[in-house]
Amino acid sequence: MKFKINNKYFRWGMTGFCVLAAAIAFYYFIFHSSNIKLGFSTLIGILMPVVFGLVMGYLLTPVLNFVEGRILIPLCNKCRIRESARRKKFIRGIGILITAFLFVALIYVLIAMLVSQIVPSIQGIVVNFDSYINNVMNWINQLLEDNEDIGEYVIRTIDKYSGQLEEWLQQLIPGTASLIKTVSISLINVLDVLWDFVIGFIISIYVLASKERFAAQAKKIIYAFFEKDTANIIIRNFRFTHKTFIGFLSGKIVDSIIIGILCFIGTTLMGTPYAILISLIIGVTNIIPFFGPFLGAIPSILLIFVVNPMEPLNCLYFAIFALALQQFDGNILGPKILGSSTGLTGFWVIFSITVFGGLFGVPGMIVGVPIFAIIYAGIRAAVNIRLEKRELPCETMAYEKLDYIDEEGIHPITEETKRRRRRRRKSGAEGDKEEKDLETELPKEAGEAAGGETKAGERNHG
């Protein structure tokens with residue numbers, strides 16, 4: 001007997017096997033999730049250099065496209081070099097070299113700035129830490145002398161928590177060995193990350209060299225496993241995702257660099273201490289949408305206060321400057337650079353930052369906005385498709401004053417409609433009142449009639 005895959009018994013057996021396998025996998029996922037997490041973490045650790053390479057290659061792709069499209073190709077056309085496979089390889093090789101050089105130069109400038117400017121600033125803070133503490137203590141003593149009530153409250157608070165502080169210090173001292181061990185393990189992890197970064201940079205070179213081939217292979221797979229219409233939709237969604245991510249991340253990086261430079265200029269003119277360190281904090285935290293400027297301003301204000309607490313106006317001046325810088329970025333610079341790369345309103349931006357920040361921390365706060373923008377666009381597209389099938393308008397403004405929809409069309413809410421409903425509710429309330437009065441009067445009338453009949457019967461009997 002010839003075996004047939006389309007045999008119904010074979011299909012039943014495969015269905016039962018798949019159901020049983022899914023049940024076992026679900027059971028294992030519920031009761032052995034720690035093993036799954038451990039295996040997943042191990043796999044991610046092994047593939048981390050590849051992840052670094054793909055991410056760096058993806059982020060460096062716009063730079064390579066700019067170098068090739070705006071510099072190398074026009075230069076070759078001006079030199080009258082004919083288009084050929086050899087010219088294409090030459091342009092790609094030179095473009096990758098220039099892109100890699102720019103990337104390495106950027107890393108070098110950041111490290112040089114860190115070593116030459118940021119490290120001395122941090123060393124200055126460490127060296128002068130005792131004097132800063134004395135300044136703060138003098139400010140506190142002066143504040144307590146001028147306000148006796150606050151002084152008494154502080155003394156009571158210190159007496160209340162001094163025992164807990166002493167107990168915490170006693171527990172901290174024996175843990176010094178474990179602390180040193182933790183620092184050593186952290187240093188080894190940093191070295192591992194640097195090694196993964198170097199390997200990832202090498203992988204990114206290969207990704208940039210064959211990016212068109214990788215894209216073509218991905219399209220080939222999609223068209224092989226999906227229908228043409230479905231494949232077209234998937235590719236269109238991938239292009240939208242790419243445009244959203246690249247537009248947001250590249251625009252946000254450029255915006256943060258400009259904000260950091262403006263902050264350095266402003267703090268230098270105001271004579272703010274550690275201007276470079278504060279500008280770096282403001283520029284880096286500005287990558288986080290909405291909350292970033294505030295996250296960078298708070299530690300900067302504390303640093304300015306600790307340096308010279310006797311002049312609190314310096315903190316006030318910097319706070320006003322940081323607020324003005326944030327308003328300039330949010331209302332002028334940000335829209336000019338980012339444009340409508342996300343298409344989200346302020347509420348959804350805050351919502352996405354809160355949700356993804358709570359789930360994934362700082363990386364979630366950075367990429368949460370473009371991810372939610374993609375989810376939002378997908379939901380909007382699905383809703384619009386269903387509305388078009390029902391021959392209903394897709395514009396949100398059409399539903400603002402909507403009352404109801406029937407076969408005749410859309411009926412908006414008008415003042416006449418509101419007055420008519422108020423009269424109907426009023427008449428309905430009066431009708432309910434009359435009905436209640438009638439219900440209370442009927443038993444009374446029935447009782448009076450029964451009483452009359454009783455009295456008549458008594459007279460007849462008499």
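Both backbone and side-chain heavy atoms feed into the values below; hydrogens, waters and symmetry mates do not.
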| Test log, rule side chain to side chain donor-acceptor pair (under 3.5 Å), inputs N65 and K211 | CA-CA 11 Å; N65 293 337; K211 59 187 182 68; 3.1 Å; yes
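- Ring geometry for F351 against W348 counts as perpendicular: the plane angle is over 60°, on a 0 to 90° scale with 30° as the lower cut.
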| task | Please test D255 against K252 for side-chain contact (heavy atoms from CB on, under 4.5 Å), starting from the C-alpha separation and ending with a verdict. | result | CA-CA 5 Å; D255 175 70; K252 202 62 183 174; 3.9 Å; yes
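- Residue F225 holds its CZ atom at 11.0 Å from NZ of K220, rounded to the nearest 0.5 Å.
- The distance from atom CD1 of I73 to atom NZ of K78, rounded to the nearest 0.5 Å, is 14.5 Å.
- In this structure, E83 places its CD atom where only 12 or fewer heavy-atom neighbours from other residues, nucleotides or ligands lie under 6.0 Å away.
- The side-chain heavy atoms of C76 and I91, taken from C-beta on, include a pair separated by under 4.5 Å.
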| Derivation and outcome, side-chain contact (heavy atoms from CB on, under 4.5 Å), residues L60 and L64 | CA-CA 6 Å; L60 292 176; L64 178 61; over 6 Å; no
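- Contact of the F328 side chain with the L262 side chain is registered, since non-hydrogen atoms from C-beta on lie closer than 4.5 Å.
- Annotation for E212: atom CD counts as buried by contact number, over 12 foreign heavy atoms lying within 6.0 Å.
- Taking CD of E395 as the reference point, atom CG of N384 lies at 8.5 Å (rounded to 0.5 Å).
- Under a 4.0 Å N-O distance rule, the pair E68/K88 does not qualify as a salt bridge.
- Nearest approach of V207 to G53, heavy atoms of both residues: CG2-O, 4.5 Å.
- In this structure, G368 and S352 approach most closely via the heavy-atom pair O-CB, 3.8 Å.
- In this structure a side-chain-to-backbone donor-acceptor pair under 3.5 Å is missing from N286 to I282.
- In this structure, CD1 on I98 lies 11.0 Å from CZ on F66, to the nearest 0.5 angstrom.
- A donor-acceptor pair is defined here as one N or O able to donate and one able to accept, closer than 3.5 Å; such a pair exists between the side chain of R92 and the backbone of L208.
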| request: Apply side-chain contact (heavy atoms from CB on, under 4.5 Å) to I203 and L54, showing your working. | output: CA-CA 7 Å; I203 294 174; L54 294 176; 5.6 Å; no
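- Although no hydrogens or angles enter the test, the distance criterion places no donor-acceptor pair under 3.5 Å between the side chain of D329 and the main chain of L325.
- What you find for I199 and P49 is that their closest heavy atoms are CG2-CB, 3.7 Å.
- Separating the CZ atom in R239 from the CG atom in N237 is a distance of 11.0 Å, to the nearest 0.5 Å.
- Among T272, I281, I278, I298, the single residue meeting the side chain to side chain contact (heavy atoms under 4.5 Å, CB included) criterion with L303 is I278.
- Side-chain atoms of I96 and I205, non-hydrogen and from C-beta on, do get closer than 4.5 Å to each other.
- The aromatic ring centres of F103 and F201 sit less than 6.0 Å apart.
- Looking at every heavy atom in both residues, S300 comes nearest to F318 through CB-CE2, 3.5 Å.
- Using a 4.5 Å heavy-atom threshold, the side chains of Y223 and N232 count as touching.
- Between the side chain of S204 and the main chain of G57, no donor-acceptor pair closer than 3.5 Å is present.
- Nearest approach of A297 to A322, heavy atoms of both residues: CB-CB, 4.2 Å.
- When all heavy atoms of G266 and F321 are compared, the pair lying nearest together is CA-CZ, 3.7 Å.
- Here the side chain of T267 pairs a donor or acceptor atom with the backbone of F264 at under 3.5 angstrom.
- More than 12 heavy atoms of other residues, nucleotides or ligands shown are found within 6.0 angstrom of CZ on F214.
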| task | Begin from the C-alpha positions of F90 and L72 and carry the test side-chain contact (heavy atoms from CB on, under 4.5 Å) through to its verdict. | result | CA-CA 10 Å; F90 175 77; L72 297 180; over 6 Å; no
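- Put simply, CD1 on I287 and CZ on F248 are 10.0 Å apart, with the number rounded to the nearest 0.5 Å.
- Within 6.0 Å of OH on Y58 lie more than 12 heavy atoms contributed by other residues, nucleotides or ligands.
- S84 places a side-chain N or O within donor-acceptor distance of the main-chain N or O of R87, the cut-off being under 3.5 Å.
- Side chain of T244 to backbone of F240: a donor-acceptor contact under 3.5 angstrom is found.
- Two residues are said to be in side-chain contact when any heavy atoms from C-beta on lie closer than 4.5 Å; T230 and I234 meet this criterion.
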